[in-house]
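One structure is given below, encoded as structure tokens.
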Amino acid sequence: MITLLDYGAGNVRSVTNAIERLGETVKVALNGDDILAAEKLVFPGVGAFGNMMQILQERKFTEPLKTYLQSNRPFFGICLGMQALFEESEEAFGIQGLGIFKGKVVRFTTDLAVPHIGWNGINIQQPSTIFNGLAGEEKFYFVHSYHISPEEDDVRLTTTDYGYEFVSAVQRGNIIGTQYHPEKSGPAGLKLLKNFIENANAVDAPGTLTGPTRLAKRIIACLDVRANDRGDLVVTKGDQYDVREEGEVRNLGKPVELARRYYEEGADEITFLNITGFRDFPLEDMPMIEVLKQTSQNVFVPLTIGGGIRNYTDKNGRRYSALEVADAYFRSGADKISIGSDAVIVVEEYLEAGKPDGTSAIEEISKVYGSQAVVISIDPRRVYVNSPDSVTQQVIPTKLPGPNGEMYCWYECTIRGGREGRPVDAITLAQVCEKLGAGEILLNCIDRDGTNSGFHIELINAVKSAVTIPVIASSGAGNADHFLEVFSRTEAESALAAGIFHREEVPIGAVKDFLDNKVEIRPA
Ligand code: 1PR
């Protein structure tokens, strides 16, 4: 029996699914006594340090937790659940941590994109049964902007490199903490959890890496989902966002099954986009909630969900906040949420007012769940212009001349699934969303969507050079070489595809085999 400390973090369901997948039962701690009575305690955390410590205080978990930890009984803290073990955090000055380990939590100081999102390696610093059965070169999934800085060397369990070497896991006695997410790190992550549950006596230490670890480029499978005319929820795929063929919604398969296949084929992340989310309301008919719950039982890599995340008033006048929608998605197994149309409206309001008012979905959700959990999905369309100063939007020079030989263009943001253009350009949108607290940009391109003609390198470079957060290149992948091109000619941290995977033209494994030894990837 594993006792789970649930303070309302986003990844509780994912951790529960992983532990149950390993044949163990989970009991959620409802009060301090449950913590003190635990045989083994797992503390999953995602989000913001301050918010977490406050909730632990309000729920009177802090003292029982300290008592439990001081008794050196088996404990596994994940991400924030590990950071809580330290004395304080730069993410919430003045708020005390549990102080079990000396040292504090600090924000990354690197020129690389922050948050640090993706699959990176570990360098083992002390023998531990937690790594039994691993080879030592496995990669694990990270998603964070802050990392621990322990004062005591004896607690260092693993280090990882991201601009510089940082401590990515700690252990003293039976107390273990990892910055990386075993519940979202595929088979290697499940092995870590299994080792914690089994708590073997003997260490069969894996080999250690020689040299710094490297963050892998991510290959993401995207499932555009909507109901077809018969009301069945299907994975569909547009050609420049038009998903109909001979009037019918293209049906490329069932969301849960396809997601599982992509996990088994080696996808680093899986994204669900409810493409008619602007029309329906996620908390009303809830098909996507069910898709998430079922998928997260068998898929142990990060899940992102988008579509319809916005403040909403239903027909009975009941007002829902975007945060409530996000809550429901996180509690159903999502690791990140993606905001599309609403982000464009928020940025227009910001540009109008000249400053944020703290009420946008981006600000509210990132405050509670952390910026790393908020993705902005941009649906831009190219507009050619004769000269850079002929419009107020940010214009880029192009090597792909327009119909009248134009050598400049800007990228018009659209809402409602590409149906409505708005006077905001994609570069400005990305910059303002980063300011408001977004942690990642999903950069689609209507012009390239479904064309198999390759990713839009010019657009990706323009947006990537305008923000410091990670960018996902999306739209247009037709073969494995297009992935090599986007990772060689841009700094995009990830590349996403849909059509070629759904139509089984190029399996994910084939893309990874092709990229192996050319680009840093996580083997399939
Ligand atoms: O606006 O917050 O309700 O969110 C709606 C979400 O649905 C947005 O993220 C938007 O990108 C997405 N969406 C809306 N309509 C469509 C459509 O296709 N008609 N799909 C749509 C967006 C783009 C990519 C696609 C890539 C790769 N799909 O995600 O998967 O272009 O495709 P490819 O590899 O086949 O070229 P809101």
Side-chain angles (χ1 to χ4, degrees), residues 219-228 234-245 249-250 252 255 258 262 267 269-282 288 304-312 322 325-326 329 336-347 360-362 365 374-381 413-420 422 426 429 433 438 440-456 459-460 472-480 482-483 486 494-506 508 511:
I219 308 299
I220 302 177
C222 183
L223 292 75
D224 296 329
V225 177
R226 61 161 287 171
N228 64 14
V234 298
V235 172
T236 188
K237 187 64 220 21
D239 282 347
Q240 299 177 322
Y241 286 40
D242 176 4
V243 298
R244 288 186 179 273
E245 203 160 304
V249 171
R250 271 192 205 95
L252 297 166
L258 270 184
Y262 295 145
E269 290 188 21
I270 288 167
T271 296
F272 290 107
L273 295 177
N274 171 3
I275 67 171
T276 53
F278 69 90
R279 199 171 17 229
D280 0 312
F281 184 58
M288 294 308 287
T304 301
I305 180 137
I309 297 177
R310 63 195 189 283
N311 297 333
Y312 179 88
V325 181
Y329 278 151
K336 300 189 267 186
I337 54 94
S338 156
I339 303 172
S341 305
D342 190 59
V344 180
I345 306 303
V346 161
V347 168
S360 74
I362 302 169
I365 300 170
V374 179
V375 180
I376 303 300
S377 174
I378 309 182
D379 300 320
R381 186 172 30 224
C413 290
T414 68
I415 60 172
R416 300 180 325 106
R419 291 170 178 75
E420 184 185 335
R422 303 295 304 176
L429 186 99
C433 289
E440 192 166 26
I441 300 290
L442 166 53
L443 182 57
N444 307 304
C445 176
I446 295 179
D447 311 275
R448 289 291 171 106
D449 177 55
T451 62
N452 287 19
S453 59
F455 295 98
H456 203 321
L459 171 63
I460 297 161
I472 303 170
S474 166
S475 307
N479 56 49
H482 287 151
F483 288 83
V486 78
S494 318
L496 169 155
I500 55 170
F501 298 152
H502 304 335
R503 293 186 297 265
E504 301 187 65
E505 290 162 4
V506 188
I508 294 171
V511 171

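In each ligand, atom 1 is the first atom listed, and ligand 1 is the first ligand listed. Residues: numbered from 1 along the sequence shown.
- Interface of Gly499 with ligand 1, defined as ligand atoms under 4.0 Å from a residue heavy atom, comprises 33 (P), 34 (O), 35 (O).
- The CD1 atom of Ile441 sits 13.0 Å away from atom CD1 of Ile460, with the distance rounded to the nearest 0.5 Å.
- Put simply, OG1 on Thr451 and NE2 on His456 are 10.0 Å apart, with the number rounded to the nearest 0.5 Å.
- For the salt bridge (Lys or Arg N to Asp or Glu O under 4.0 Å) test, no residue two or more places apart in sequence or in another chain qualifies with Asp242.
- Residue contacts with ligand 1, taken as heavy atom pairs separated by less than 4.0 Å, do not involve Thr271 at all.
- Counting protein heavy atoms only, atom 30 (O) of ligand 1 is closest to Asp224 OD2, 3.3 Å.
- Of the protein's heavy atoms, Gly417 CA, 3.4 Å lies nearest to atom 14 (C) of ligand 1.
- Inspection of the Asn444 and Ser474 side chains reveals an N or O donor paired with an N or O acceptor under 3.5 Å.
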inquiry  = Between Ile378 and Cys413, does the side chain to side chain contact (heavy atoms under 4.5 Å, CB included) criterion hold? Intermediate values first, please.
reply    = CA-CA 7 Å; Ile378 309 182; Cys413 290; 4.1 Å; yes
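- Between the choices Asp379, Leu273, Asp242, the shortest heavy-atom distance to atom 11 (O) of ligand 1 belongs to Asp379.
- Of the candidates Ala498, Ala473, Gly306, Gly307, Ala498 brings a heavy atom nearest to atom 34 (O) of ligand 1.
- Counting heavy atoms only, Tyr241 comes closest to atom 23 (C) of ligand 1 of the residues Tyr241, Phe455, Phe501.
- Contacts of Ser377 with ligand 1, taken as heavy-atom pairs under 4.0 Å, involve the side chain alone.
- With respect to atom 24 (C) of ligand 1, the closest heavy atom belonging to the protein is Asn444 OD1, 3.4 Å.
- At a threshold of 4.5 Å between non-hydrogen side-chain atoms, the residues Leu442 and Lys336 do not count as touching.
- Listed for the Tyr241 side chain is no donor-acceptor partner under 3.5 Å among the backbone atoms of Arg419.
- Below 4.0 Å from some heavy atom of Ser474 lie the following atoms of ligand 1, by number and element: 24 (C), 26 (C), 27 (C), 31 (O).
- Atoms of ligand 1 found under 4.0 Å from any heavy atom of Gly450 (numbered from 1 in listed order, with element): 33 (P), 35 (O), 36 (O).
- Here the heavy atom of the protein found nearest to atom 32 (O) of ligand 1 is Lys237 CE, 3.1 Å.
- Among all non-hydrogen protein atoms, the one lying nearest atom 2 (O) of ligand 1 is Gly340 N, 2.9 Å.
- The backbone N or O of Asp447 lies less than 3.5 Å from a partner atom in the side chain of Gln240, making a donor-acceptor pair.
- Here Asn274 contributes atom CG and Arg226 contributes atom CZ; the two are 10.0 Å apart, rounded to the nearest 0.5 Å.
- Heavy-atom distances between Asp342 and ligand 1 stay at or above 4.0 Å for every pair.
- Which parts of ligand 1 touch Ser475 is read off a 4.0 Å heavy-atom cut-off, strictly below it: atoms 26 (C), 27 (C), 31 (O), 36 (O).
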Enumerate donor-acceptor pairs with a distance under 3.5 Å from any side-chain N or O in residues 494-501 to protein atoms, sequence neighbours excluded.
from: Ser494; atom 1: OG; to: Arg218; atom 2: NE; distance (Å): 3.2
from: Ser494; atom 1: OG; to: Arg218; atom 2: NH1; distance (Å): 3.4
from: Ser494; atom 1: OG; to: Arg218; atom 2: NH2; distance (Å): 3.2

message = Quick one, Asp224 with Val243, criterion side chain to side chain contact (heavy atoms under 4.5 Å, CB included). Give me CA distance, side-chain angles, the key distance, then yes/no.
response = CA-CA 10 Å; Asp224 296 329; Val243 298; over 6 Å; no
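- Using a 4.0 Å cut-off between heavy atoms, Arg310 makes no contact with ligand 1 at all.
- The closest non-hydrogen atom to atom 1 (O) of ligand 1, taken over Gly478, Ser341, Ala322, comes from Ser341.
- For ligand 1 and Cys222, the ligand atoms under 4.0 Å from any heavy atom of the residue are 29 (O), 30 (O).
- The backbone N or O of Ser475 sits nowhere less than 3.5 Å from a side-chain atom of Arg448 that would complete a donor-acceptor pair.
- Of all the heavy atoms of Ile275, the ones lying under 4.0 Å from any atom of ligand 1 are found in both the backbone and the side chain.
- Checked options Leu258, Val234, Thr236; the residue passing with Leu223 is Leu258 (criterion: side chain to side chain contact (heavy atoms under 4.5 Å, CB included)).
- Less than 4.0 angstrom separates some heavy atom of Leu496 from each of these atoms of ligand 1: 26 (C), 27 (C), 30 (O).
- Regarding atom 3 (O) of ligand 1, its nearest protein heavy-atom neighbour is Gly308 N, 2.8 Å.
- To the nearest 0.5 Å, atom CD of residue Glu440 and atom SG of residue Cys433 are 13.0 Å apart.
- Below 4.0 Å from some heavy atom of Ala497 lie the following atoms of ligand 1, by number and element: 34 (O).
- Put simply, no part of Ile415 is less than 4.0 Å from ligand 1, judged by heavy atoms.
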